[in-house]
Amino acid sequence: MSSDALIESLSAAIDARPDDLPLRLHLATMLLDAGRGGEAIAQVGQALARDPGNEQAQALMQRALGAAVPPPPPTPDAASAGPAPAAPAQRPAPAGAAGDDPLAAYEQELADVVPPRFARAGDEPEPVAGDHDRVYDVETATIRLADVGGMSAVKERLELAFLGPLRNPQLRKMYGKSLRGGLMLYGPPGCGKTFLARAVAGEMGAKFISLSIVDVLDMWMGNSERNLHELFQAARRNAPCVLFLDEVDALGHKRSQVSSSSMRTLGNQLLAELDGMEGSNEGVFVLAATNTPWDVDPALRRPGRLDRVVLVLPPDAEARRAILEYHLRERPIAGIDLHKVVAATEDLSGADLAHLCETAAEYAMADSVRSGEVRMIEQRDFDRALKEVRPSTRPWMSTARNVAMFANEGGVYDDLVAYLKKRKLL
Ligand SMILES: Nc1ncnc2c1ncn2[C@@H]1O[C@H](COP(=O)(O)OP(=O)(O)OP(=O)(O)O)[C@@H](O)[C@H]1O
Ligand SMILES: [Mg+2]
């Protein structure tokens, strides 16, 4: 029996016995071997829907997705330095060569579903038109999730909610998922929300437009709704695009607490833009960040808007190490016990860690000035600085504690409750 005929009879058997997982996985393997990746993914998806933990199914899915999607390029820098090696632009004859290069073939096949991972020369975004000053910048983010230290839980959430679906058009089709979404990052100040948003944009190969309340208040008063609309339009034109609304509490403050009518109208406008017209927000991911999610209008969290909420906590040990290394990379250091510093800095935010390095450097410098003998930054400078720098996240934690105790409606803050319990703060 030919493999196609066998596949056909197996398909018929599966229709009759939809819960027979071994049979379904066998069919999926045959489909994969026959180069029918899309159908294989559909079968494995069905199997995983019935038994999410099935290891064989997970392995098959990985294999199928690996075959169906071009792998990410090796380094983020390749994008800015020139076309990435895997990008079709660098091939001698991109159109004709597709036949012998499976990656190029896939890219071409998916061209109308997925945009190219990297902009090609001459593909630069047009400057945003408008009759007012350019109050926002469209940029291409260069940092990647790998540059964000630690935070594995947050990364996993982002992967599931955004990045996975973006990379796998066939899966999206199967689950009927559209390419849009909204997610709100919240947590204490200085812990990497803004940094993470940029990394997401970098990871998606998407453009990044960021807007903070300062822009709104400084430049937009009086004309704010139209400008907010312009901003969303710019994002839609640049899709796929991450639109980052920093300090969203100020923009979408609980309407019941807003006394100024112009701010209230602006809040309503934000809701309308998030809803968009039918399909108009396709490819626009809205990431928002706030220190005070409890002040954010609950209407912003309804399905289809910023419906996913992710807690960004003070950096864990791995993240602290990464942040410290980053801030020490260009400083003259000698004999720093990074392990010890990492262990002594629990609760410090990314910004606090930067301040810690700064303080240690000041001590070493002051000493050098005093003694007239230049010396490196040493562990003793860190020991002194550690006594001085206090975690700036504590006041936030005490407010958060109240919220977790008294206002965790619908379980929005379950992650926060779990963290506070783990830290024995609740
Ligand atoms: N996990 C991390 N890995 C690497 N660097 C980090 C990490 N978290 C924070 N940082 C560093 O700390 C700095 C401050 O982070 P960021 O500005 O993103 O904080 P934020 O949560 O947006 O704060 P705010 O609420 O005050 O806006 C970043 O520029 C980055 O250098
Ligand atoms: Mg920020």
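Numbering of ligands and ligand atoms starts at 1, following listing order. Small disclaimer: the values here were computed from a predicted structure and weren't measured.
In this structure, atom 19 (O) of ligand 1 lies nearest to the protein heavy atom G192 N, 3.0 Å. Closest protein heavy atom to atom 20 (P) of ligand 1: K193 N, 3.5 Å. Scanning all protein heavy atoms for the shortest distance to atom 1 (N) of ligand 1 gives G149 O, 3.0 Å. With hydrogens left out, the protein atom closest to atom 10 (N) of ligand 1 is I323 CD1, 3.8 Å, a heavy atom. Looking from atom 18 (O) of ligand 1 to the surrounding protein, the closest heavy atom is F195 N, 2.9 Å. Atom 23 (O) of ligand 1 has its closest protein heavy atom at G190 N, 2.7 Å. Nearest protein heavy-atom neighbour of atom 27 (O) of ligand 1: T194 OG1, 4.0 Å.
For the residue pair S349 / D352, a side-chain donor-acceptor distance below 3.5 Å is found, with atom types taken as modelled.
In this structure, E358 pairs ionically with R331, as a charged nitrogen and a carboxylate oxygen lie closer than 4.0 Å. Between E325 and R321 there is a salt bridge, with a side-chain nitrogen of the basic residue lying less than 4.0 Å from a carboxylate oxygen of the acidic one. With respect to the salt-bridge test (charged N to carboxylate O, under 4.0 angstrom), the residues E273 and R236 qualify. Of the charged side-chain nitrogens involved, at least one lies within less than 4.0 Å of a carboxylate oxygen, so that R370 and D367 count as a salt-bridged pair.
Per-residue contacts place N291 under 4.0 angstrom from the following atoms of ligand 1 (heavy atoms of the residue considered): 25 (O). If you number the atoms of ligand 1 from 1 as listed, the ones under 4.0 Å from a heavy atom of G350 come out as 9 (C), 12 (O). Of all atoms in ligand 1, numbered sequentially from 1 with element shown, those under 4.0 Å from a heavy atom of M151 are 1 (N).
Within a 6.0 Å sphere centred on CE of M405, heavy atoms belonging to other residues, nucleotides or ligands number more than 12.
In this structure, A289 does not count as a contact residue of ligand 1, since none of its heavy atoms falls inside 4.0 Å of the ligand.
Between L196 and ligand 1, no N or O atom pair is found at a separation short of 3.5 Å.
Under 4.0 Å from ligand 1, not a single heavy atom of P315 appears.
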Query raised in the report: How far apart are the C-alpha atoms of F232 and Q269, what are their side-chain angles, what is the distance that settles it, and do they pass the side-chain contact (heavy atoms from CB on, under 4.5 Å) test?
Result: CA-CA 11 Å; F232 270 82; Q269 177 73 21; over 6 Å; no

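Under the 4.0 angstrom criterion, atom 13 (C) of ligand 1 counts as lacking any protein heavy-atom contact.
With hydrogens and angles ignored, the 3.5 Å screen pairs no side-chain donor or acceptor of N238 with any backbone N or O of C241. Checking side-chain atoms of D381 against main-chain N and O of Y363 turns up no donor-acceptor pair under 3.5 Å.
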